[in-house]
Amino acid sequence: MAKTNNVTELIITGLFQDPKVQKVCFVLFLPVYLATVLGNGLIVVTVNISKSLRSPMYIFLSSLSLVEICYSSTVVPKFITDLLVKIKTISLKGCLAQIFFFHFFGVVEVLLLVVMAYDRYVAICKPLHYMNIMSHQVCHMLVAGSWLGGLIHSTIQILITIPLPFCGPNVIDHYFCDLQPLFKLACTDTFMEGVIVMANSGLISIISLLILVSSYITILVNLRNHSAEGRRKALSTCASHITVVILFFGPASFLYLRPSSTFTEDKLVAVFYTVITPMLNPIIYTLRNAEVKNAIKKLWDKKSSEAE
């Protein structure tokens with residue numbers, strides 16, 4: 001006899017159970033989310049308005065910042081509002097939608113980081129051919145390809161999940177909907193689904209990481225032929241990107257490249273890459289980039305003079 005769905009609403013356990021701790025988390029995480037939206041939004045606006053930021057690197061940075069806003073917004077607003085309520089609920093359809101967009105924007109970000117690494121490789125290793133290789137048309141195609149890759153990935157994940165029967169219990173041991181916690185609620189064996197999901201996520205992560213590592217190894221080897229000043233500039237440009245890659249891939253690899261568990265630290269690691277990392281990215285890129293800082297200053301001065 002086929003099992004049917006009789007679960008339409010799910011209860012989320014949240015990050016912590018203590019109401020006082022939850023209120024402290026609300027006070028901490030609300031400014032972080034606002035900083036994420038404002039910081040990344042400022043980069044998107046600055047790159048699109050400023051005539052000095054027209055190189056491929058800034059096209060990719062603007063796209064990354066836009067994805068960061070979307071990625072964080074799939075989880076954080078509900079997570080923050082749930083900190084103020086005793087019973088945290090989400091509909092099954094809402095849960096599936098959150099999973100879809102969370103994986104969609106997550107993979108778009110991974111692919112954009114790979115594209116940015118390729119851009120740095122061409123800029124440093126093939127500087128004379130850079131503008132021919134990284135034309136604006138190619139840049140837009142690479143960005144579009146990243147979005148398409150994210151769409152394909154998340155579609156596969158959600159098509160695996162939708163047919164599963166959920167007939168109880170309905171409590172998700174997490175602070176947002178993700179595949180492994182949801183699989184534990186299915187009224188059937190989800191071993192194969194878990195393997196496919198892990199293979200899908202793992203394959204993208206491993207291939208992307210290999211491309212990233214090989215790109216920067218090639219760059220470092222190539223820098224031996226540059227002057228000391230050239231090496232300093234190149235390393236300064238790459239340092240921001242490498243920092244962001246480590247901040248993103250480190251926590252994500254911890255969660256998705258190993259068997260699922262019920263460890264409490266999984267939730268804390270997830271907080272880092274859903275809440276903290278999206279806020280840090282604009283800080284990392286602007287602090288080490290004089291062109292972005294100057295463009296933001298000019299934009300601010302222009303708005304201030306118009307206000308007067």
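Taken from CG in Asn200 to OG1 in Thr155, the straight-line distance is 10.0 Å, to the nearest 0.5 Å. Taking OG1 from Thr274 and NZ from Lys267, the interatomic distance works out to 13.0 Å, rounded to the nearest 0.5 Å. The CZ atom of Phe104 lies 16.0 Å from the CD1 atom of Ile99; values are rounded to the nearest 0.5 Å. Thr89 OG1 to Ile11 CD1: the interatomic distance, rounded to the nearest 0.5 Å, is 7.5 Å. Atom CG of Asp119 is separated from atom CG of Leu112 by 11.5 Å, given to the nearest 0.5 angstrom. Distance CZ/Phe100 to CD1/Ile158: 7.5 Å, rounded to 0.5 Å.
With sequence neighbours excluded, the residues satisfying ring-ring contact (aromatic ring centres under 6.0 Å, His included) with Phe29 are Phe79. Every residue two or more places apart in sequence or in another chain that forms a side chain to side chain contact (heavy atoms under 4.5 Å, CB included) with Leu210 is listed here: Ile206. Listed by chain and residue number, Ser52 satisfy the side-chain hydrogen bond (donor to acceptor under 3.5 Å, both in side chains) test with Ser50 (two or more places apart in sequence, or in another chain).
A 6.0 Å sphere centred on CZ of Phe101 holds no more than 12 heavy atoms belonging to other residues, nucleotides or ligands. Within a 6.0 Å radius of CD1 in Ile87, other residues, nucleotides and ligands contribute 12 heavy atoms or fewer.
Side-chain atoms of Tyr121 and Asn222 include no donor-acceptor pair closer than 3.5 Å. Between the side chains of Tyr285 and Ser65, no donor N or O sits under 3.5 Å from an acceptor N or O. When only modelled atom types and interatomic distance are considered, Lys88 and Gln22 share a side-chain donor-acceptor pair under 3.5 Å. A donor and an acceptor atom, one from each side chain of Gln157 and Ser201, are located under 3.5 Å apart. Between the side chains of Asn170 and Glu9, not a single donor N or O lies within less than 3.5 Å of an accepting N or O.
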In sequence, state the C-alpha distance, the side-chain angles, and the governing distance for Tyr71 and Phe102, and then conclude on ring pair (Phe, Tyr, Trp, His ring centres under 6.0 Å).
CA-CA 6 Å; Tyr71 176 70; Phe102 178 70; 5.3 Å; yes

Going through the distances and angles, do Lys184 and Asp173 end up as a salt bridge (charged side-chain N to carboxylate O under 4.0 Å, His left out)?
CA-CA 9 Å; Lys184 291 175 183 177; Asp173 186 19; over 6 Å; no

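Connectivity analysis of hydrophobic side chains (ILVMFWY, heavy atoms under 4.5 Å, direct or indirect) links Met141 to nothing; its cluster partners are none.
Residues Gln180 and His174 fail the side-chain proximity criterion, which asks for heavy atoms closer than 4.5 Å. Pro56 places a side-chain heavy atom less than 4.5 Å from the side chain of Phe60. Cys139 places none of its side-chain heavy atoms less than 4.5 Å from the side chain of Val143. A heavy-atom distance below 4.5 Å is not found between the side chains of Met279 and Asn40. Residues Pro278 and Tyr273 fail the side-chain proximity criterion, which asks for heavy atoms closer than 4.5 Å.
Under the disulfide bond (SG atoms under 2.5 Å apart) criterion, the residue pairs touching residues 37-122 are Cys95-Cys177, with sequence neighbours excluded. Residue pairs meeting the ring pair (Phe, Tyr, Trp, His ring centres under 6.0 Å) criterion with at least one partner in residues 191-218, sequence neighbours excluded, are Tyr216-His241.
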